[in-house]
Amino acid sequence: MILVIFICFTVAMLAAFVGSLAGLGGGVVLIPLLFLASGNIEGFEWVTPQTVVAMSLLVMFFTGISSALSFAKTKRIDYKAGGLFLIGSIPGSMCGAWFNQYVEANTFYIYFGTLIIIIAAILFYRQFKGIQPRKVDESERGSRQAKIGTEIYTYKINITPAIAIAFFVGMLSGFFGIGGGAIMVPVMLLIFGFPAHIATATSMFMIIFVSLFGSITHVALGNIEWAYVLFFIPGAWIGGKLGAFTNQKISSSLLELFLRILLIIMGIRMILQGIG
């Protein structure tokens with residue numbers, strides 16, 4: 001039992017550290033590691049697509065609170081925009097969590113492996129090609145402005161596509177147990193012209209509610225393994241703090257490159273495991 005506790009704590013800490021340092025979202029690390037433990041270490045027989053997604057969402061709820069509190073101090077969260085996106089993402093998250101109960105382990109391996117490879121590709125594109133915010137003229141109807149330092153940024157939210165896209169990203173979050181930030185942030189930049197700092201902060205604010213309602217749905221479905229929850233939360237909190245601290249002290253570009261390659265390797269492994 002001591003080994004199980006240690007592994008739960010360590011996995012949560014590593015996932016939160018990576019999520020905070022590289023902006024990948026802890027779920028894409030936590031879930032593959034738990035599946036790896038379930039196939040090789042005694043004491044992880046409780047790991048299923050349903051329980052692991054539920055645990056990931058619950059951990060992200062606490063990680064999201066910690067991150068959002070930090071962003072709130074810098075006044076970079078667009079609460080109005082975040083609330084608009086949540087109109088779609090909250091029911092999307094609950095629908096995704098509900099659909100998750102019907103997926104079998106091998107099918108989940110294939111779906112999740114494919115998803116994290118796509119996320120890694122998006123992150124590679126952002127790093128090497130760069131994703132610049134869409135240019136929005138301040139004269140456009142419904143445009144919004146944000147001041148970051150001495151710079152003033154203009155962006156615009158179109159209500160219908162915003163809710164529709166947020167619903168889709170919310171479904172991915174509820175179904176797979178990921179935060180959705182790796183997908184939502186590029187969407188905010190490319191489609192709605194958000195400045196990067198506002199997009200990142202607003203996305204973390206959204207994760208609190210998306211993961212909360214996804215977790216509530218999993219609780220109602222009986223997917224939470226309460227005996228292990230307390231082993232994950234402290235690890236996630238410490239890992240998040242360490243990741244944020246490390247991000248401020250060192251250049252993390254090489255580490256981020258390694259982690260993205262690792263995502264691809266884990267994705268391929270999960271696909272092969274599902275097929276085999």
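Just so it is clear, the structure is predicted and the values come from calculations on it, not from any experiment.
- Sorted by first then second residue, the ring pair (Phe, Tyr, Trp, His ring centres under 6.0 Å) pairs that include residues 214-234, not counting sequence neighbours, are W46-Y228.
- Atoms CD1 and CD, from I110 and E104 in turn, are 10.5 Å apart once rounded to the nearest 0.5 Å.
- Nearest approach of A81 to I157, heavy atoms of both residues: CB-CD1, 3.2 Å.
- Between S93 and F209, the closest side-chain pair of non-hydrogen atoms is not below 4.5 Å.
- By the rule that hydrophobic residues join a cluster once side-chain heavy atoms approach within less than 4.5 Å of another member, L36 and M266 end up as members of separate clusters.
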* Go through I265 and I261 one step at a time and tell me if the side-chain contact (heavy atoms from CB on, under 4.5 Å) criterion holds. => CA-CA 6 Å; I265 294 173; I261 293 173; 4.1 Å; yes
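- When all heavy atoms are compared, the tightest approach of S89 to L86 is OG-CA, 3.1 Å.
- Remark: side-chain polar atoms of E45 are paired, donor with acceptor, to backbone N or O of G43 under 3.5 angstrom.
- Separation of atoms OG1 (T10) and CG (L3) is listed at 9.5 Å; rounding is to 0.5 Å.
- Residues V4 and I2 do not share a hydrophobic cluster, clusters being chains of Ile/Leu/Val/Met/Phe/Trp/Tyr side chains in contact below 4.5 Å.
- Here Q50 contributes atom CD and L221 contributes atom CG; the two are 9.0 Å apart, rounded to the nearest 0.5 Å.
- Of all the heavy atoms in F167 and P91, the pair that sits closest is CE1-C, 3.9 Å.
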* To do: Mind running side-chain contact (heavy atoms from CB on, under 4.5 Å) on I116 and I31 for me, showing each step along the way?
  => CA-CA 11 Å; I116 61 176; I31 291 174; over 6 Å; no
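- Put simply, CD1 on I191 and CD1 on I165 are 3.5 Å apart, with the number rounded to the nearest 0.5 Å.
- Cluster annotation: L69 is not connected to W237 through the hydrophobic network of ILVMFWY side chains, with a link wherever side-chain heavy atoms come within less than 4.5 Å.
- For residues 74-103, every residue pair satisfying the ring pair (Phe, Tyr, Trp, His ring centres under 6.0 Å) rule, not counting sequence neighbours, is listed here: Y79-F205, F85-F192, W98-Y102.
- In terms of heavy-atom proximity, I238 sits nearest to M13 at CG2-SD, 3.9 Å.
- Note that CE of M270 is 10.5 Å distant from CG of N106, once rounded to the nearest 0.5 Å.
- Hydrophobic clustering, with ILVMFWY side chains joined whenever heavy atoms are under 4.5 angstrom apart, groups V47 together with I41.
- For V11, the side-chain contact (heavy atoms from CB on, under 4.5 Å) partners at least two apart in sequence or on another chain are I7, L30, L33, L34.
- Taking CZ from F213 and CD1 from I90, the interatomic distance works out to 4.5 Å, rounded to the nearest 0.5 Å.
- Among all heavy-atom pairs drawn from C95 and M171, the shortest one is CB-CG, 4.4 Å.
- The local environment of CD1 in I159 is sparse, with at most 12 non-hydrogen atoms from other residues, nucleotides or ligands closer than 6.0 Å.
- Contacts classified as side chain to side chain donor-acceptor pair (under 3.5 Å) and involving residues 208-217 (residues at least two apart or in different chains) are not found.
- Within 6.0 Å of the CD atom in E42, the count of heavy atoms belonging to other residues, nucleotides or ligands does not exceed 12.
- The two residues V210 and S173 have their closest heavy-atom pair at CG1-OG, 3.4 Å.
- Residue F44 qualifies as enclosed at atom CZ: its count of foreign heavy atoms under 6.0 Å is above 12.
- Scanning for side-chain contact (heavy atoms from CB on, under 4.5 Å) contacts around I233 gives F62, V229, with sequence neighbours left out.
- V169 and L212 fall within a single hydrophobic cluster, where Ile, Leu, Val, Met, Phe, Trp and Tyr are joined by side-chain heavy atoms under 4.5 Å apart, directly or via other members.
- Residues meeting the ring pair (Phe, Tyr, Trp, His ring centres under 6.0 Å) test with F35, sequence neighbours left out: F108, Y109.
- Shown here is L230, whose CG atom has no more than 12 heavy atoms of other residues, nucleotides or ligands within 6.0 Å.
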